[in-house]
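Right, one structure below, let's go through it.
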Amino acid sequence: GAGVSQSPSNKVTEKGKDVELRCDPISGHTALYWYRQSLGQGLEFLIYFQGNSAPDKSGLPSDRFSAERTGGSVSTLTIQRTQQEDSAVYLCASSGQPAGKETQYFGPGTRLLVL
Amino acid sequence: AQKITQTQPGMFVQEKEAVTLDCTYDTSDPSYGLFWYKQPSSGEMIFLIYQGSYDQQNATEGRYSLNFQKARKSANLVISASQLGDSAMYFCAMREVSGAQKLVFGQGTRLTINP
């Protein structure tokens, strides 16, 4: 079956502009995660959605970052007033269960470059 | 707080040799899961193997096995009969079952297989 998909695959933007990154999880997966991978910070957790529960936003680095998940499926990560330090690969993952040993499967990522 | 340590920034091995990638972890949660992911130059994160904290036996998946030493808090990945296609970044990750559902990643090990 289809894996996690993300769009766009690459995004170049100017400092101060807003960007939206999209994630389509594996069909039927109830949990969705956003991570960021940057050279200096490695892989870091941003936000987690599980079903209709309130999302875990504990990893969002600033209030410029927000995310939503519509209909329990597609998710959009929005970065407002982008800064150069936002340049990174943004990875989305999904899993079929909220806890336990359920594996998180990752999408190909969106490479964001802020000029 | 959860922590994952991968002490080998880079490793070089000859094709067909076995290789061990080190991972140590720290957690106060008695129930947790340990994961290994492979990230080739294309950037996708590929799930390799999972070990649960209460699993009695070491996990195996084809040429991958996990050397789980709970008392030492280590979860080393062993790749047998290495192939050129194994050249990639390898990440160890952990998730606490009772805590936040995020994965915490180590800094990664870059493995290069020489012909």
Side-chain angles (χ1 to χ4, degrees), chain A residues 2-6 8-11 23 26 29-51 53-61 67 88-113, chain B residues 1-9 23 27 29-59 61 64 66 68 75 88-110:
Chain A
V4 178
S5 61
Q6 293 185 246
S9 54
N10 293 280
K11 177 72 176 178
C23 172
I26 293 172
H29 278 190
T30 58
L32 187 148
Y33 310 77
W34 283 98
Y35 295 86
R36 178 169 71 173
Q37 185 174 24
S38 53
L39 282 176
Q41 301 297 322
L43 275 149
E44 52 180 341
F45 164 79
L46 296 177
I47 189 168
Y48 159 61
F49 295 91
Q50 172 54 47
S53 302
D56 176 357
K57 304 178 182 180
S58 61
L60 294 178
V89 177
Y90 289 82
L91 293 162
C92 177
S94 71
S95 68
Q97 296 292 334
K101 70 174 184 179
E102 194 66 21
T103 297
Q104 295 180 25
Y105 294 94
F106 284 80
T110 293
R111 287 158 183 77
L112 175 66
L113 178 61
Chain B
Q2 306 173 67
K3 186 176 180 180
I4 295 283
T5 303
Q6 294 181 253
T7 58
Q8 306 153 311
C23 172
T27 179
D29 195 325
S31 183
Y32 50 89
L34 296 158
F35 302 79
W36 277 92
Y37 287 86
K38 171 184 178 181
Q39 187 176 45
S41 56
S42 58
E44 60 190 304
M45 293 285 285
I46 302 169
F47 165 71
L48 295 179
I49 196 166
Y50 164 85
Q51 179 83 43
S53 58
Y54 292 118
D55 291 346
Q56 295 297 312
Q57 295 188 335
N58 287 344
E61 290 286 349
Y64 305 108
L66 202 152
F68 181 46
M89 282 289 288
Y90 288 80
F91 291 95
C92 180
M94 177 175 66
R95 184 178 71 222
E96 294 173 342
V97 173
S98 61
Q101 298 307 305
K102 63 182 180 182
L103 285 173
V104 175
F105 288 86
Q107 289 300 104
T109 296
R110 181 169 298 281

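Chain letters run A, B, ... following the sequence lines, proteins first, then strands; residues in each count from 1.
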Self-check item: Toward chain A, the part of B:Ser53 with a non-hydrogen atom under 4.5 Å
Solution: neither

Practice problem: Please flag which part of A:Ile47 lies under 4.5 Å from any non-hydrogen atom of chain B: side chain, backbone, both or neither. | Solution: neither

Quiz item: Checking A:Tyr35 side chain against B:Leu103 main chain: does a donor-acceptor pair fall under 3.5 Å?
Solution: yes

Practice problem: Return yes if some donor-acceptor pair links the side-chain N/O of B:Thr109 with the main-chain N/O of B:Gln8 below 3.5 Å, else return no. | Solution: yes

Exercise. Describe, in one word, how the ring planes of B:Phe105 and A:Phe106 are oriented to each other, choosing from parallel (under 30°), tilted (30 to 60°) and perpendicular (over 60°).
Key: perpendicular

Quiz item: Does any heavy atom of chain B fall under 4.5 Å from the side chain of A:Gln37, the backbone, both, or neither of them?
Solution: side chain

Quiz item: With side chains defined as the heavy atoms from C-beta onward, is the minimum distance between A:Ser58 and A:Tyr48 less than 4.5 Å?
Solution: no

Quiz prompt | B:Phe91 portion near chain A, given a 4.5 angstrom heavy-atom threshold | solution = side chain

